[in-house]
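Each chain gets a letter, A, B and so on, in the order its sequence line appears, and its residues count up from 1. What you are looking at is a predicted structure, and each value in this text was computed from that prediction instead of being measured.
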Protein chains: 2
Amino acid sequence: MEKKLKTHPAYDERCPVRASLALLSGKWTLMILFQINKNTVRYGELKRSVTGISEKMLIQELNMLVENKLVSKKVYPQIPPKVEYQLTELGLKTLPIVDQLAEFGLENLV
Amino acid sequence: MEKKLKTHPAYDERCPVRASLALLSGKWTLMILFQINKNTVRYGELKRSVTGISEKMLIQELNMLVENKLVSKKVYPQIPPKVEYQLTELGLKTLPIVDQLAEFGLENLV
DNA sequence: AATAATTCTAACTTTTTAGTGAGTACCTAA
DNA sequence: TTAGGTACTCACTAAAAAGTTAGAATTATT
């Protein structure tokens, strides 16, 4: 269920680039962080804004991001349920990475 | 053999973040770019500096980086063979991404 | 004649990641 | 009473990425 952040004995487990990639290089991870951005976002909103993602992946990624403290989650005890997601301090620090990737892609790839 | 840079009809193929990730999110990709850095590096040197990588992955990644014009390759017609790799202009532009990831990892993860 | 060094290639297996499709519980509105 | 909206969970499958092992061509060295 959660992302393992696996390391491999053969290469440096403490490599900061590796560590960041282990956390962020999933197919949907940065998209989700970017969509949440500086807002407070409900699950359903995310489902709509991260186009193409399956519910399984969305929840799986959200859970892993919460576990890794990039995202915080607030559950309202209501029916029908309401759950809000937000970037933590740590999560906000990933936004410059997204920017950098976006800039590179925009200038050179797309 | 080469990385497909696959897209999925369901989500925006023109998303610059996706495009960058498709190119760079491989397990070894950024490591290789970082090791080449501003130098001219032989295959064997890379093999030693990117610790843990298999030859298959190294060549596979190098080929895909050359195909995608992030890396240039110079073959010397010698025996035993000598091949040098270098970052292109485009390849050099990925170094800030590595820096950003390194910084994030260093400050928050490692 | 055998060994080592160079840069790869190719076939195959395993592991990891992502996708699919169904179902749950509760309430509201038609 | 049926359908729709909420936020999920679960079992299974498929696809992608990475790992393993072996070997090739050439020359110099031992």
Side-chain angles (χ1 to χ4, degrees), chain A residues 1-11 18 21-32 35-36 40-67 71-86, chain B residues 1-11 18 21-32 36 40-68 71-86:
Chain A
M1 184 67 36
E2 95 268 40
K3 175 172 287 180
K4 284 285 173 42
L5 306 185
K6 261 234 195 107
T7 49
H8 189 284
Y11 55 69
R18 283 249 72 83
L21 285 177
L23 196 57
L24 303 173
S25 72
K27 179 167 177 181
W28 301 101
T29 317
L30 289 173
M31 294 297 148
I32 293 170
Q35 289 296 338
I36 300 178
T40 298
V41 190
R42 294 187 62 178
Y43 173 81
E45 296 183 82
L46 270 178
K47 210 174 90 178
R48 283 184 292 277
S49 65
V50 182
T51 44
I53 197 170
S54 68
E55 302 211 341
K56 174 200 150 186
M57 286 310 292
L58 181 52
I59 298 173
Q60 190 172 299
E61 289 287 292
L62 284 171
N63 287 342
M64 115 42 190
L65 289 169
V66 169
E67 258 184 44
V71 167
S72 65
K73 174 177 179 174
K74 186 168 182 186
V75 181
Y76 294 83
Q78 306 179 349
I79 298 279
K82 173 175 174 181
V83 181
E84 286 179 346
Y85 294 93
Q86 238 189 301
Chain B
M1 185 64 42
E2 95 269 40
K3 177 171 284 177
K4 282 289 175 41
L5 308 183
K6 262 235 194 109
T7 48
H8 189 283
Y11 57 68
R18 283 248 73 82
L21 285 177
L23 196 56
L24 303 173
S25 71
K27 180 169 177 181
W28 300 101
T29 316
L30 290 173
M31 293 299 148
I32 293 170
I36 301 179
T40 298
V41 191
R42 293 188 62 178
Y43 173 82
E45 295 182 82
L46 271 177
K47 209 175 93 179
R48 284 184 292 276
S49 64
V50 182
T51 43
I53 197 169
S54 67
E55 302 212 338
K56 174 200 150 185
M57 287 309 292
L58 181 52
I59 298 174
Q60 191 172 298
E61 290 288 291
L62 283 172
N63 287 340
M64 113 47 188
L65 290 170
V66 169
E67 259 183 43
N68 287 287
V71 167
S72 64
K73 174 178 181 173
K74 185 168 181 184
V75 182
Y76 294 83
Q78 303 179 351
I79 297 282
K82 174 175 175 184
V83 181
E84 285 178 349
Y85 294 93
Q86 237 189 288

Can you find a side chain N or O atom of B:K56 that sits less than 4.0 Å from OP1 or OP2 on C:dA11?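 Looking at the OP1 and OP2 atoms of C:dA11, neither is under 4.0 Å from any side-chain N or O of B:K56.
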[X] [atom1] - [N] [atom2] separation (whole Å):
X: B:M64; N: D:dA18; atom1: CE; atom2: C1'; result: 14 Å
X: B:Q78; N: D:dT27; atom1: CD; atom2: C1'; result: 12 Å
X: A:I79; N: D:dG4; atom1: CD1; atom2: C1'; result: 15 Å
X: B:L24; N: D:dA17; atom1: CG; atom2: P; result: 13 Å
X: B:L58; N: C:dT9; atom1: CG; atom2: P; result: 12 Å
X: A:L21; N: D:dA17; atom1: CG; atom2: P; result: 14 Å
X: B:I53; N: D:dA18; atom1: CD1; atom2: P; result: 9 Å
X: B:Q60; N: C:dT9; atom1: CD; atom2: C1'; result: 12 Å

Taking only residues two or more places apart in sequence or in another chain, which ones pass side chain to side chain contact (heavy atoms under 4.5 Å, CB included) with [X]?
X: B:V50; answer: B:W28, B:M31, B:I32, B:Q35, B:L46, B:I53
X: B:K73; answer: B:N63, B:V66, B:V75, B:V83, B:Y85
X: A:K82; answer: A:R42, A:Y76, A:Q78, A:E84

Applying side chain to side chain donor-acceptor pair (under 3.5 Å), can you list everything that pairs with A:E55, at least two apart in sequence or on another chain?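 A:E55 satisfies side chain to side chain donor-acceptor pair (under 3.5 Å) with A:K47 once adjacent residues are dropped.
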Distances for protein N/O vs nucleotides 1-8 of chain C N/O pairs under 3.5 angstrom?
residue: C:dT6; atom: O3'; partner: B:R42; partner atom: NH2; Å: 3.0
residue: C:dT6; atom: O3'; partner: B:P81; partner atom: O; Å: 3.1
residue: C:dT7; atom: OP1; partner: B:R42; partner atom: NE; Å: 3.2
residue: C:dT7; atom: OP1; partner: B:R42; partner atom: NH2; Å: 3.1
residue: C:dT7; atom: OP2; partner: B:G44; partner atom: N; Å: 3.1
residue: C:dC8; atom: OP1; partner: B:K73; partner atom: NZ; Å: 3.3
residue: C:dC8; atom: OP2; partner: B:Y85; partner atom: OH; Å: 2.7
residue: C:dC8; atom: N4; partner: B:E55; partner atom: OE1; Å: 2.0

B:E61 vs B:K27, test: side-chain contact (heavy atoms from CB on, under 4.5 Å). Steps then yes/no. CA-CA 10 Å; B:E61 290 288 291; B:K27 180 169 177 181; over 6 Å; no
Do the non-hydrogen side-chain atoms of B:L23 and B:M64 ever get within less than 4.5 Å of each other?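 B:L23 vs B:M64: side chains touch.
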